[in-house]
2 protein chains.
Amino acid sequence: MAAEFITETVHSERRITKVFKALSDSTRQQILHLLEEKHRNVGEIVGKFDLSQPTISRHLSVLKEADLVIDQRQGQNVVYRLNDGTLSRSMQHFFGQFAGCQSALR
Amino acid sequence: MAAEFITETVHSERRITKVFKALSDSTRQQILHLLEEKHRNVGEIVGKFDLSQPTISRHLSVLKEADLVIDQRQGQNVVYRLNDGTLSRSMQHFFGQFAGCQSALR
DNA sequence: GCGGCTCATATCCGCAGTGTCAGGGGTTCA
DNA sequence: TGAACCCCTGACACTGCGGATATGAGCCGC
């Protein structure tokens, strides 16, 4: 009766796991907070950190893969905005499975 | 004005980041679900997976480090139980910062 | 079309994470 | 005390992640 829960493969990761992986980095958390204030292009985000542009770009792609942000090209710039619908749904789906969290959810 | 958000060091990680790291692994998610049903000792948990006992033990220590589980020795066994208070608080603290999640929180 | 600006991708490097097996410490019981 | 059981830790291998630099692709303005 071993491995009865193993349902994912290396290349198709559960959505919720992807979301948690995306959230499990301080820089990406901070990026989300920046995008919560307002949508920003990549250069603006880079300016907030002591990290190179490619590094930020990769963080953004991780967040995009997790569907936590949405990108849109505007001329030369690429504007990123928060996709808080994913945040909200992920939260309800995962935490809603735990009885101890029910009281905190609507 | 770079790096204005950098507030943590390598060895003192923010609690919320530790929680997300702990949650960002499928095996650990499944362990939490097992412990949500009831508290279990290590052997019982190992029996649910195709992983060695030391591997499960490591996962349990990660969950314990994140304060998501509580361990208690009972004779030969070590019983783990879910600490859903941490789950609930983490959820409210982090997701509560995002306007798009307010409607889902009580 | 060319140069310049913005952003993404390729590649490399160091380190952290996840798995293994071997071994040891704590507990129980005879 | 010693054997048996349960679990943790150490050492190692392999993989993945998060940084960097170099380069390419896309979009302007001239």
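So you know, we letter chains A, B, ... as the sequences are listed, proteins then strands, and number each from 1.
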**Message:** Go nucleotide by nucleotide along DNA chain C from the 5' end; which of A:Asp71 and A:Arg58 gets its closest nucleotide reached first?
**Reply:** A:Asp71
**Prompt:** Quick one: is B:His59 getting a side-chain N or O under 4.0 Å of the C:dG19 phosphate, OP1 or OP2?
**Reply:** yes
**Asked** Does a donor on one side chain and an acceptor on the other come within less than 3.5 Å for A:Arg14 and B:Gln29?
**Response** yes
**Prompt:** Where does the angle between the aromatic ring planes of A:Phe95 and A:Phe20 fall among parallel (under 30°), tilted (30 to 60°) and perpendicular (over 60°)?
**Reply:** perpendicular
**Item:** Nearest-angstrom distance from the residue atom CD of B:Glu65 to P of D:dC8
**Value:** 14 Å
**Whole-Å distance separating the CG atom of B:Leu63 from the P atom of D:dC8** = 12 Å
**Asked** A:Asp25 has an atom CG; how far is it from atom C1' of C:dC15, in whole Å?
**Response** 14 Å
**Prompt:** Do A:Arg73 and A:Val79 touch side chain to side chain, with heavy atoms closer than 4.5 Å?
**Reply:** no
**Prompt:** Between A:Leu60 (CG) and C:dA8 (C1'), how many Å, whole number?
**Reply:** 11 Å
**Value in whole Å for how far the C1' atom of C:dT6 lies from CD of A:Gln76** = 6 Å
**Message:** Taking any heavy-atom pair under 4.0 Å as a contact, classify B:Leu51: base, sugar-phosphate, or nothing.
**Reply:** sugar-phosphate
**Prompt:** Between atom CD1 in A:Ile56 and atom C1' in D:dG19, what is the gap in whole Å?
**Reply:** 11 Å
**Prompt:** Just to confirm, is there a sub-4.0 Å distance from OP1 or OP2 of D:dC7 to any side-chain nitrogen or oxygen of B:Ser57?
**Reply:** no
**Request:** Go through the N and O atoms of the side chain of B:Gln53 and the base of D:dC8, and report whether any donor-acceptor pair is under 3.5 Å.
**Result:** yes
**Message:** Please determine whether a side-chain nitrogen or oxygen atom of B:Tyr80 lies at a distance below 4.0 Å from atom OP1 or OP2 of D:dC8.
**Reply:** yes
**Item:** Contact check, side chains of A:Leu34 and A:Phe49, non-hydrogen atoms, under 4.5 Å
**Value:** yes
